[in-house]
Amino acid sequence: MSLPNLLRMHTTCRHINAHRTVATVAYDCADKLKTKTGTRFYEVLAPYFNQNGQAADDLLHVCRRLWGQPYVAPIYALLLSQWLLTHPHAGGKEQRQKHVNVLISGARQLFWGDVHSTTDHFKALFSFLSAEVVFCQNRTRLDTLPTQSRAALISVVACFLPYYDEPESLCTALECMPVPDATVQNGGHVPGEGADFVLTEMTDTLQKMKAEGSLLKYLSALMTMKYSPYMPPTKKITKLRLQAELYSLTSAGGPRYLPRSVNQAAFQALDSLFPYGRRSRRIINVAFRFLHPSEWGWAVVDAYKSGVDAVRAWVQFWWNSTRAALNRLSPFRRSRWRYKRQ
């Protein structure tokens with residue numbers, strides 16, 4: 001057998017052995033931790049490394065030798081996030097800020113991958129960063145982080161909060177979101193102090209999103225903020241930036257050329273969060289549509305749908321009112337009929 005064939009067979013055997021080793025480790029971890037079937041690999045391995053400090057140190061040593069590779073930061077975030085953020089002295093106190101920054105960088109890459117593909121493969125990682133670190137009642141994990149790393153971690157959670165969390169929990173997030181400078185030693189957390197920070201990060205995230213499904217999900221979650229009492233007290237410049245970004249999403253043309261479903265969802269979010277000036281925005285939008293002949297057909301379709309919805313709403317209203325009136329009169333009619341029979 002020739003030398004190239006021997007080398008090829010040797011490489012293939014090494015890959016097979018590597019895959020068997022990873023599969024064996026994953027199976028052993030799943031059996032030891034008693035996880036459910038169908039969970040993702042990092043949901044099994046992250047708790048394993050969190051409970052086995054020596055294995056986590058060995059993996060950290062491998063990651064340090066490969067810092068320059070682009071895939072190291074996401075893998076590092078998936079496997080060592082729980083170990084690094086749960087144990088204050090994990091990885092060494094001197095290198096802690098560097099390790100946390102690498103973790104946050106990898107997590108941001110993973111979350112943007114989900115957003116661009118409209119998936120939730122890394123929702124478990126976000127849930128840990130959100131529930132167990134940022135919004136945890138015990139602020140020790142967050143307060144022990146360096147100031148720069150703490151700000152970056154809160155920023156990541158605020159950016160992707162409407163995408164991963166339930167829309168109803170967004171109002172709670174505006175109340176409980178901490179600011180990077182506030183710690184227990186500095187006076188503790190004040191409800192609503194991070195609302196302005198959250199709106200700023202959400203606005204910056206909206207500017208970078210392109211996937212239709214992700215934008216629809218994000219805008220649907222933003223509409224629930226109208227019920228939050230911490231939305232009005234935020235800074236005017238912050239609300240103006242969010243309003244301008246939502247208005248730009250209503251444009252059917254360039255530079256983003258968003259689909260009509262996103263335009264309509266942006267209009268709904270804009271009218272929900274900023275009801276003042278709703279009619280003026282609609283009139284301006286219709287006026288600019290007449291300047292583009294290609295939009296005339298869509299304008300007619302939208303007007304027809306709006307008319308049908310309005311007629312349907314009025315018919316439903318009168319039908320419900322009539323039924324309510326008849327239900328109120330029915331006991332009176334029955335009493336009169338019984339009186340006549342007697």
J.: Would you compute the distance between atom SG of Cys63 and atom NE2 of His99 and round it to the nearest 0.5 angstrom?
T.: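 The NE2 atom of His99 is 9.0 Å from SG of Cys63, to the nearest 0.5 Å.
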J.: For Ser149 and Asn101, does a side-chain donor sit closer than 3.5 Å to a side-chain acceptor?
T.: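 Side-chain D/A pair, Ser149 to Asn101: present.
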J.: Is the closest side-chain heavy-atom distance between Leu85 and Arg141 below 4.5 Å?
T.: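 No - every pair of side-chain heavy atoms lies 4.5 Å or more apart.
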J.: Assigning hydrophobic clusters by single linkage (Ile, Leu, Val, Met, Phe, Trp, Tyr; side-chain heavy-atom cutoff under 4.5 Å), is Tyr76 placed with Val62?
T.: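 Both belong to a single hydrophobic cluster.
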J.: Considering only heavy atoms from C-beta outward, does the side chain of Leu60 approach that of Trp83 to under 4.5 Å?
T.: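 Leu60 reaches Trp83 side chain to side chain.
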J.: Quick one, Leu153 and Arg150 - any side-chain contact, counting heavy atoms below 4.5 Å?
T.: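 They are not in contact (no side-chain heavy atoms under 4.5 Å apart), so the answer is no.
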J.: Apply side-chain contact (heavy atoms from CB on, under 4.5 Å) to Phe41 and Val44, showing your working.
T.: CA-CA 5 Å; Phe41 75 96; Val44 176; 5.9 Å; no
J.: Is a salt bridge present between Arg241 and Asp204, judged by a nitrogen-to-oxygen distance below 4.0 Å?
T.: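 A salt bridge is present here (some side-chain N lies under 4.0 Å from a carboxylate O).
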J.: How are the rings of Trp318 and Trp314 set relative to one another: parallel (under 30°), tilted (30 to 60°) or perpendicular (over 60°)?
T.: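 It falls in the parallel class, under 30°.
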J.: Atom CD of residue position Gln69 - does it have more than 12 heavy atoms of other residues, nucleotides or ligands inside 6.0 Å?
T.: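 Count over threshold, so yes.
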J.: Heavy-atom distance under 4.5 Å between the side chains of Met209 and Trp112, does that happen here?
T.: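 A side-chain contact exists here, since the closest heavy-atom pair is under 4.5 Å.
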J.: How far does CZ of Arg40 sit from CG of Leu125, to the nearest 0.5 angstrom?
T.: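 So the gap between those two atoms works out to 12.0 Å.
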J.: Distance check, rounded to the nearest 0.5 Å: Leu110 atom CG versus Tyr42 atom OH?
T.: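 It comes to 8.5 Å.
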J.: Does Phe267 share a hydrophobic cluster with Tyr276, counting links as ILVMFWY side-chain heavy atoms below 4.5 Å and allowing steps through other members?
T.: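 No, separate clusters.
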J.: Check whether Ser105 reaches the backbone of Val102 with its side chain - one donor and one acceptor, N or O, closer than 3.5 Å.
T.: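 Not confirmed, Ser105 side chain does not pair with Val102 backbone.
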J.: Do NZ/NE/NH1/NH2 and the carboxylate oxygens of Arg108 and Glu201 come within less than 4.0 Å?
T.: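 Here Arg108 does not pair with Glu201 in a salt bridge, since their nearest N and O are not under 4.0 Å apart.
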J.: Atom CD in Gln268, atom CG in Leu270: separation rounded to 0.5 Å?
T.: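 Answer rounded to 0.5 Å: 11.0 Å.
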J.: So Tyr230 and Pro191, do their side chains get closer than 4.5 Å, heavy atoms only?
T.: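 Yes. Closest side-chain heavy atoms under 4.5 Å.
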J.: With side chains defined as the heavy atoms from C-beta onward, is the minimum distance between Met231 and Leu199 less than 4.5 Å?
T.: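 SC-SC contact between Met231 and Leu199 confirmed.
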J.: Does the side chain of Phe197 reach to within under 4.5 Å of the side chain of Thr238, using non-hydrogen atoms?
T.: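 No, their side chains stay 4.5 Å or more apart.
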J.: Taking the six-membered ring for Trp, are Tyr164 and Phe126 parallel (under 30°), tilted (30 to 60°) or perpendicular (over 60°)?
T.: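 Ring orientation of Tyr164 relative to Phe126: parallel.
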J.: Hey, is the main chain of Gly113 close enough, under 3.5 Å, to the side chain of Ser117 for a donor-acceptor pair?
T.: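 Answer holds: yes.
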J.: Any sub-3.5 Å donor-acceptor pair from Ser220's side-chain atoms to Lys217's backbone N or O?
T.: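 Checking the backbone N and O of Lys217 against the side chain of Ser220, no donor-acceptor pair under 3.5 Å is found.
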J.: Does any non-hydrogen side-chain atom of Leu206 lie less than 4.5 Å from one of Leu222?
T.: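 Yes, close enough: below the 4.5 Å cut-off.
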J.: Out of curiosity, Lys236 NZ to Gln243 CD, how far, rounded to the nearest 0.5 Å?
T.: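 So the NZ of Lys236 and the CD of Gln243 are separated by 12.5 Å.
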